Amino acid sequence: MSEASRNEGAWWESAVIYEIALISFQDSDGDGKGDLAGLTSRIDYLKWLGVDAVWLTPVYKSPFRDLGYDISDYCSIDRAFGSLEAFDRLLKALHAADIRVILDLVPNHTANDHAWFIESSSSRNSAKADWYIWADAAENGGPPNNWLSRFGGSGWEWCEARRQYYYHSFLVEQPDLNWRNPQLRAAIADVMRFWLDRGVDGFRVDASAVLIKDALLRDNPHNPQAKGKPPPQRQTPVFTDDRPETMDCIEFIREVIDGYPGRMLCGEVQGKTDRIGHFYGNDRPRLHLPLNFALLDSQWDALSLQATIDAYFNAIPDHAWPVWVIGGHDKQRIASQIGEPQMRVLAMLLMTLRGTPFFFMGDEIGRKRVPIPPDRVHDPFEKLVPGYGLCRDPERAPMRWDDSSNGGFTTGDPWLPLEPRDGAANVAAQQRDPRSILALFRALMRLRRERACLRHGGYEPLRAQNDVLAYRRTDGGKEILVALNIAAEPRKLHWQGRGRLLMSTHLDLPSEPLPDASILLRGNEGVIIELEPR
Ligand code: GLC
Ligand code: MG
């Protein structure tokens, strides 16, 4: 399947994208919450690290019940974060550092104190009466159907002023917008243009798969695999999630962004790997980069990983550019699951697979889940659906820049606690250590920049054997072999032809020609080997 060298494609095909939860990155004013000025002061770090773009979780005015995914005004910055001027300064400074900026676009719902909802909920005759999803009560006066909120309980909430229910996929305070309404669509397009005109490089579309719900409000069926699942997952959400009509909304959003050359649309999509291909679109394009979390869901062994990677490549269309994500504000830290030694292997996997890598702030220091005492829990998911380990605060804890008690994040009280300082991963210590996982992330990104083959080359799997996951990247005559030892014990690896070692995850071997066509991989070691043309 060796493929001819392709020209450098769009910037997002070569970029490494770094997700930042702004509230936890760097505080500048001592209020315990990260802010725009704090992030601006850390641009040197981002530049040093070598990421090409940052995606910021919502920065807009919000009551912050759901990490800012409850938006009160799409076109203003929350006071805790700064101002539009501070945003413009940040954007300019990031662009000056050659770092692109992706904002979160949350088109599915607003906060209930958004002016649109206040108007819509005031009366059935208001100008925005149809901007949200309203329905009459069932005959018994109860909710219109059995749909559940993902955050627990019925998805319907009664509104006395209209004597109707409104639907909320998430919190009661996050009413769902009505994407069947052309005025609403136009209003979201205006929001996008507001930020695109300011110069942002694209959006990550939140909850893109749920924009349209069934017009007949048909009840969702019982989930046959409900046993042991949290209550919101005890139905199969066929009439609320991933409706075919939703694709038209994504195409609409894409058309808006296509009015601005060089801007990118990535997005949260739901469902299994076999659904992900649809989100690229065919005749009408949809997302440039539907986020793919398959590596996080995979079992951590060579055979499972080779199957996961294969299934994903097979599930996306030929024209699609792949995406790999290893962390995010909704996902449990993978370092807690696989441990630091394998986290290094994952870093090499992420940076050498064909596709755009995404990682979440803190992944680069191998950060683990931060224990959150019950009285400090913020996440509404945990409060409303307790007992299922759904709390997302452990990944959202403030960044640990150094080993001081507040980690260099704030001079005040951090909005969420940091982990105890002793032995905790922190940026400063790892910057001093040339073999830290941070140094590894940085070295891998540098290698990606240097080798077009790693960015754009074809992907050719080798047979995973003996706990070693291996593949080649090929670009014209160039070939790079990547071999990852998923076991903690040494494993022998053979190949054909002469090779030169480019990097070991241990960062302790010189880049030099290898005497034999084989190498003894140490436990938890991954290597990148350049093969001489045969
Ligand atoms: C998306 C966000 C998540 C949020 C939800 C509701 O899934 O990633 O953090 O809770 O939307 O807004
Ligand atoms: Mg602050």
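Source: prediction; values computed, not measured. Counting starts at 1 for both ligands and their atoms, following the listed order.
Taking the Mg ion (ligand 2) as reference, Asp29 places its N/O/S atom OD1 nearest. Within Asp27, the N, O or S atom lying nearest to the Mg ion (ligand 2) carries the name OD1. Summary: OD1 is the N/O/S atom of Asp31 found nearest to the Mg ion (ligand 2). The name of the N, O or S atom in Asp35 nearest to the Mg ion (ligand 2) is OD2.
Because its NZ or CZ atom is not both nearer than 6.0 Å to the ring centre of Trp179 and within 45° of the ring axis, Arg185 does not count as a cation-pi partner of that residue.
The distance from the Mg ion (ligand 2) to the nearest N/O/S atom of Lys33 is under 2.8 Å.
No hydrogens or angles considered: nothing links the side chains of Trp11 and Asp52 as a donor-acceptor pair under 3.5 Å.
Taking the six-membered ring wherever Trp is involved, the centroid distance between the rings of Trp401 and Phe25 falls below 6.0 Å. Phe409 and Trp415 have their aromatic ring centers separated by at least 6.0 angstrom. Two rings, from His288 and Trp321, have their centers 6.0 Å or more apart.
Aromatic ring pairs are classed by plane angle as parallel below 30°, tilted from 30° to 60° and perpendicular above 60°; the pair Phe117 and Tyr132 is perpendicular. By the 30° and 60° cut-offs, the orientation of the rings of Trp147 relative to Tyr167 is perpendicular.
The protein non-hydrogen atom at the shortest distance from atom 5 (C) of ligand 1 is Phe170 CE2, 3.7 Å. Atom 12 (O) of ligand 1 has as its closest protein heavy atom His109 NE2, 2.8 Å. The shortest contact between atom 7 (O) of ligand 1 and any protein heavy atom is with Glu268 OE2, 2.9 Å.
Within the 4.0 Å heavy-atom criterion, neither part of Arg150 lies near ligand 1.
Side-chain contact between Leu287 and Cys266 is absent, with no heavy atoms from C-beta onward closer than 4.5 Å. Residues Asn145 and Trp156 meet the side-chain proximity criterion, which asks for heavy atoms closer than 4.5 Å. Here the side chains of Pro107 and Val205 are in contact, with some heavy-atom distance below 4.5 Å.
Comparing Asp379, Asp66, Asp206 by heavy-atom distance to atom 1 (C) of ligand 1, the nearest is Asp206.
Counting atoms of ligand 1 from 1 in the listed order, those under 4.0 Å from a heavy atom of Gln174 are 12 (O). Listed by number with element, the atoms of ligand 1 under 4.0 angstrom from any heavy atom of Arg392 are 3 (C), 4 (C), 9 (O), 10 (O). The ligand atoms of ligand 1 that sit less than 4.0 angstrom from a heavy atom of Phe151 are 10 (O). Of all atoms in ligand 1, numbered sequentially from 1 with element shown, those under 4.0 Å from a heavy atom of Asp330 are 2 (C), 3 (C), 7 (O), 8 (O), 9 (O). Remark: ligand 1 atoms within the under-4.0 Å shell around heavy atoms of His329 are 2 (C), 3 (C), 8 (O), 9 (O).
Note on Asp363 versus Lys368: no salt bridge recorded, every NZ/NE/NH1/NH2 to OD/OE distance being 4.0 Å or above. Salt-bridge annotation for Glu255 and Arg284: present, with a side-chain N of the basic residue lying under 4.0 Å from a carboxylate O of the acidic one.
The shell of residues lying under 4.0 angstrom from ligand 1, judged by heavy atoms, includes Arg396. Within the 4.0 Å heavy-atom shell around ligand 1 one does not find Leu67. Under the 4.0 angstrom criterion for non-hydrogen atoms, Phe381 is not in contact with ligand 1. The closest approach between any non-hydrogen atom of Lys331 and ligand 1 is not below 4.0 Å.
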